[in-house]
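Take a look at the structure set out below.
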Amino acid sequence: MEELLLKNIRKTNYQNISVYVADGGYQALKKSLFMKPEDILNEVKKSCLTGRSAAFPVATKWSLTRQNSARPKYIVCNADEGEPGCFKDRLLLSRDPHRLLEAMIITGYTVGSQQGYIYIRGEYTNESQIVENAISQAEENGYLGENILGSGFSFHIRVYQGAGSYVAGEETALLRSMAGFRPSPGIRPPYPVKYGYLGKPTVVNNVETLVNIPTIVLNGGDWFSEIGNPDYPGTKLFCLSGNVNRPGVYELPFGVTLGELINEYGYGVRGELKAILPGGVASGLVTDLNIKMDYKSLAKVNSLLGPGVVIVMNKDVDIIAISIHTLEFFARESCGKCSVCREGIRAGLTIMNRFARNEAELGDIELLKTLRRLMYDTANCVLGQAALNATVSAIRLFRNEFESRVRNQSVW
Amino acid sequence: MVTLSINNQKVVVPEDTTVLEAARQINVNIPTLCHLEGLENYGSCRICVVEIEGEPRLSPSCMRTVSEGMEISTNSKRVLKARRMIIQLLLANHAENCPTCERSQNCELQQLAFELGVRENHFVNMVNKVPLDMSGPAIIRDPNKCISCGRCIRMCHQIQSVGAIDFMNHGTDIMVTTALNKGLGNVECINCGQCIHVCPVGAITEKPHVDAVWAAIQDNTKHVVVQAAPSIRAALGEELGLAPGTLVTGKMYAALRRLGFDAVLDTNFAADLTIMEEASELVQRIKNGGILPQLTSCCPGWIKFAEHFYPDLLPNISSCKSPQQMFGSLVKTYYAQQKKVEPAAIISVSVMPCTAKKFEAQRPEMNASGFRDVDYVLTTRELTRMIKESGLDFAGLPDEQADRLMSRYTGAATIFGTTGGVMEAALRTVYKLITDTELSHLEVQPVRGLEGIKEAKVNINGMTVKIAVAHGMANARILLEQIRSGVSPYHFIEIMACPGGCVGGGGQPIGYDMVLRSTRGKVLYSEDTKLPLRRSHDNTEIKEVYKNFLGEPLSHKSHELLHTTYINRRNKK
Ligand code: SF4
Ligand code: SF4
Ligand code: SF4
Ligand code: SF4
Ligand code: FES
């Protein structure tokens with residue numbers, strides 16, 4: 001299918017504003033500035049564009065922020081790509097940075113904001129440099145800053161680099177981090193549209209979501225809504241990695257099956273397929289290649305689409321080790337605030353290490369399931385709620401591997 | 001107003017009410033750990049979760065505001081199971097040693113484990129032992145017991161505006177510590193001990209002097225003298241079988257005597273002495289155009305705060321030592337002379353409501369007599385333990401008198417123990433010093449009570465003296481900023497670090513309960529009204545000490561023994 005998101009990444013020197021402009025860049029901005037903000041909002045609404053992380057309608061988020069009478073308002077682009085196996089935003093940031101800026105300026109114009117921030121993950125120093133350069137160029141050429149293209153509208157963008165925390169990718173944690181606090185996910189409600197950066201109404205969208213905006217403005221919402229899967233128009237970037245022959249970023253419609261993605265695009269599994277993490281470390285493992293990659297279908301099999309991170313594992317992979325690996329990741333990356341998340345992960349890890357040493361008790365399997373239930377029920381944010389998903393889905397799919405690690409039952 | 005139902009009971013509450021508050025209104029108790037009345041909500045322990053009809057997950061009631069038509073269950077099977085498991089998880093990463101723990105029987109975790117029916121733990125112990133923070137002079141932190149509820153942090157930041165501690169690291173490595181893990185003794189901690197009061201478990205305690213004091217008492221070559229601060233008598237009974245609000249002066253003397261102290265004296269004597277010196281200093285500053293406002297100096301927590309954060313205002317602070325230290329330096333000079341005891345043989349012990357007094361006692365300059373003014377400082381809690389350890393039936397003890405010399409006091413001294421008391425006591429004597437007549441109406445109501453900042457104007461001989469009182473360092477900061485920016489209208493300001501004053505000191509019976517603190521304050525105000533003498537300058541022992549030893553207030557000898565200097569600690573420990 002036609003690429004909407006990746007269409008520019010193979011073009012050379014696209015970070016240079018003159019190349020971007022010569023290729024039709026900033027035309028959407030020019031068009032927008034002649035439109036009424038509510039008309040742009042209307043196009044976005046017609047496009048049915050949803051946020052690429054939690055499937056929340058973009059137009060709803062924008063209009064809630066727009067309606068809010070508090071001032072100032074902020075636009076924050078979440079570019080804190082911290083999920084293991086996720087490497088799609090960095091492509092867009094480094095190969096097509098002006099489109100992101102253009103999108104943010106249009107967003108600002110639409111919701112009535114004059115200040116945008118791009119929160120870039122700490123490890124992305126190159127990407128952040130490229131974006132900074134793009135910002136200076138846009139400012140020099142009048143696309144950004146005071147009185148943009150003589151329209152009277154002003155908008156500024158600043159880059160904010162994180163310090164490398166995964167949980168800062170959660171939007172309320174991200175906003176706290178920007179304000180100089182520990183990146184701890186806040187309690188919602190209130191949502192950022194009402195109480196965001198520095199307590200002001202804030203639109204938080206990620207890179208992949210925002211990059212669609214110029215295309216929607218140029219071609220119209222109706223056009224966009226016809227593309228791809230009618231339930232979730234547009235395209236999705238999938239980051240395919242693990243035991244596949246051709247790992248990479250693939251732009252496909254929502255609803256593509258795992259089988260198509262892995263076999264047609266990834267050229268098949270290296271070795272014999274064992275399991276797939278279809279939505280990153282927080283998702284549940286699956287084995288069925290017919291599963292469709294969209295929010296509803298994955299929820300049905302107790303998993304998540306998440307950011308579109310697909311990690312393939314072959315039969316050489318030890319499922320116990322995988323589970324421990326995800327838990328070690330969460331042990332490091334949880335903010336550590338909630339008792340259940342912090343101690344639940346610690347306990348989960350302790351139990352899994354017993355399995356690794358063949359010293360587990362039979363009751364440990366049930367204990368892990370109860371623990372996951374507790375964490376889902378009581379942790380504040382998705383990280384804690386989902387930290388044991390991989391482990392418990394592994395029990396469901398490979399129970400025998402767990403049972404075989406149970407300590408020999410002693411005879412009393 | 002919003003109508004909702006909690007456990008099938010209807011309740012109507014204002015809009016921004018939390019589910020927890022709504023439940024409490026109808027006497028439905030929901031357990032809490034990280035939530036504490038008086039501190040901001042934090043939402044970390046999750047023990048307060050409730051089930052809300054129609055929601056996929058449980059919700060923390062301390063953070064959740066009510067909405068119309070909510071149907072809540074606070075005790076469904078799912079909720080109770082979750083709570084038990086949370087306690088189990090917390091205990092699994094807790095260096096549990098209840099029988100030998102400082103906070104046993106006074107520990108929220110222990111109590112919740114018991115009340116919520118936790119009788120086993122599915123999780124094995126996962127504690128990864130780390131060393132205790134013993135670097136401070138007064139406070140010990142045991143990270144192995146910390147459950148990361150963050151109450152101490154909120155106290156230190158929000159109420160005390162010190163910010164000595166915070167969370168460090170994240171995930172399972174999260175811990176409460178000082179900047180760069182330097183330890184409480186190497187940062188701006190003012191030793192106020194308010195964090196002890198809010199800690200639900202035994203993770204923060206005072207540095208104990210009990211064993212050293214027992215050893216001194218048991219050493220026949222030592223003459224062990226004890227002084228007890230004003231606010232001890234208003235709180236000591238609480239954990240010894242007497243109702244809060246009971247004045248226990250006589251039983252306190254009796255208990256100290258039975259513990260084996262050689263002389264049972266009273267800090268209140270030195271409080272009267274402090275008033276003589278401090279009031280004279282104020283009058284001198286007013287008359288000679290000295291630096292104003294004068295700031296009180298009896299609280300060592302506040303003094304360290306000033307040394308770190310307001311070194312530019314050190315000249316405003318009265319040079320008077322605190323009553324504890326004035327008493328200490330007289331014990332090793334005046335008392336030693338009068339009683340014909342070798343100062344070297346004297347061990348000077350104080351009973352204080354305060355952890356910062358442990359810090360103050362070990363300040364190097366507190367040895368004008370050539371000996372340490374005060375050798376050991378016991379908190380109210382430590383004295384309570386010694387009384388229990390000796391098997392004394394405190395409630396049944398007779399009321400006794402203190403020993404003579406350095407123990408008689410006036411009503412002015414006793415109110416030192418509560419916020420506003422030092423101010424009130426000082427005014428009684430300032431009035432006399434300026435007008436040479438007595439103040440007829442002794443009570444200054446505007447400086448009483450729990451308002452964070454209190455102020456009043458007093459007319460003395462046609463001159464309007466403006467005074468202010470602050471307790472809790474975040475409140476004090478407001479007055480200090482005024483001075484710094486040159487707009488402070490006051491002549492005299494009293495500052496106490498602890499909310500409520502010394503009655504709420506870091507060494508008092510555990511709890512951040514402002515109502516209880518104010519009850520203790522009222523005990524002192526009522527003792528004041530019952531005492532025959534209520535003005536410091538009327539104290540006969542004070543008159544004697546000036547006549548026989550010191551000369552007069554602000555004399556050379558007074559300056560040598562009773563006054564002190566301060567250090568600029570900006571960027572230092
Ligand atoms: S669930 Fe975990 S990561 Fe999320 S707020 Fe709680 S402790 Fe932090
Ligand atoms: S802090 Fe509480 S639970 Fe922990 S050992 Fe002490 S009394 Fe027991
Ligand atoms: S003693 Fe006071 S200053 Fe020190 S950490 Fe505790 S609350 Fe903060
Ligand atoms: S030291 Fe006490 S008050 Fe502070 S976080 Fe730990 S348990 Fe809570
Ligand atoms: S008391 Fe509500 S989360 Fe701790």
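Order of the sequence lines sets the chain letters (A, B, ...), proteins ahead of strands, with each chain counted from 1.
Both the backbone and the side chain of A:Leu371 come within contact range of chain B, with heavy atoms under 4.5 Å apart. Contact of A:Arg332 with chain B is made through the backbone alone, with heavy-atom distances under 4.5 Å. Interface residue A:Thr350: only side-chain heavy atoms are found under 4.5 Å from chain B. Using a 4.5 Å cut-off between heavy atoms, B:Leu89 touches chain A through backbone and side chain atoms alike. Residue contact with chain A, scored on non-hydrogen atoms closer than 4.5 Å, is absent for B:Ile47. Only the backbone of B:Met168 comes within contact range of chain A, with heavy atoms under 4.5 Å apart. Looking at A:Cys335, only its backbone comes within 4.5 Å of chain B, counting heavy atoms on both sides.
Listed for the A:Arg373 side chain is no donor-acceptor partner under 3.5 Å among the backbone atoms of A:Leu368. In terms of modelled atom types and a separation under 3.5 Å, the side chain of A:Thr326 and the main chain of A:Ser323 share a donor-acceptor contact. For the pair A:Arg372 (side chain) and A:Ala390 (backbone), a donor-acceptor distance under 3.5 Å is absent.
Between B:Ile165 and B:Thr177, every side-chain heavy-atom pair lies at or beyond the 4.5 Å cut-off. For the pair A:Pro185/A:Val167, a side-chain contact is recorded, criterion being any heavy-atom separation below 4.5 Å from C-beta on. Proximity of A:Arg176 to A:Arg182: side-chain heavy atoms (C-beta onward) are nowhere separated by under 4.5 Å.
Note on ring orientation: taking the six-membered ring where Trp is involved, the planes of A:Phe355 and A:Phe402 are perpendicular (angle over 60°, cut-offs 30° and 60°). Taking the six-membered ring for Trp and thresholds of 30 and 60 degrees, B:Tyr42 and B:Phe167 have nearly parallel ring planes, at less than 30 degrees apart.
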For this session: Step by step, work out the side-chain hydrogen bond (donor to acceptor under 3.5 Å, both in side chains) result for A:Asn78 and A:Asp80.
Result: CA-CA 6 Å; A:Asn78 185 348; A:Asp80 186 54; over 6 Å; no
For this session: Tell me, with the steps shown, if B:Thr172 and A:Arg346 meet side-chain hydrogen bond (donor to acceptor under 3.5 Å, both in side chains).
Result: CA-CA 7 Å; B:Thr172 47; A:Arg346 198 192 317 270; 4.6 Å; no
Problem set entry | Trace of the ring-ring contact (aromatic ring centres under 6.0 Å, His included) decision for A:Tyr117 with A:Tyr160 | CA-CA 7 Å; A:Tyr117 293 93; A:Tyr160 186 101; 7.7 Å; no
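The one candidate from B:Val176, B:Val198, B:Leu39 that meets the side chain to side chain contact (heavy atoms under 4.5 Å, CB included) condition with B:Ile153 is B:Val176. Each of B:Asn186, B:Asp166, B:Val187 was evaluated against B:Thr178; a single residue qualifies, B:Val187, per the side chain to side chain contact (heavy atoms under 4.5 Å, CB included) test.
Contacts from residues 78-87 of chain B to chain A, taken as heavy-atom pairs separated by less than 4.5 Å, involve B:Arg78, B:Lys81, B:Ala82, B:Met85, B:Ile86 in sequence order. Below 4.5 Å, heavy atoms of chain A meet heavy atoms from B:Met63, all part of residues 62-72 of chain B.
A cation-pi arrangement is absent between B:Arg570 and B:Phe309, since the terminal nitrogen or guanidinium carbon is not both under 6.0 Å from the aromatic centre and inside a 45° cone about the axis.
Among A:Leu349, A:Thr370, A:Ile345, A:Ile351, the residue making the largest number of heavy-atom pairs under 4.5 Å with chain B is A:Thr370. Most heavy-atom pairs under 4.5 Å with chain B: of the set A:Asp377, A:Leu383, A:Leu367, this distinction falls to A:Asp377.
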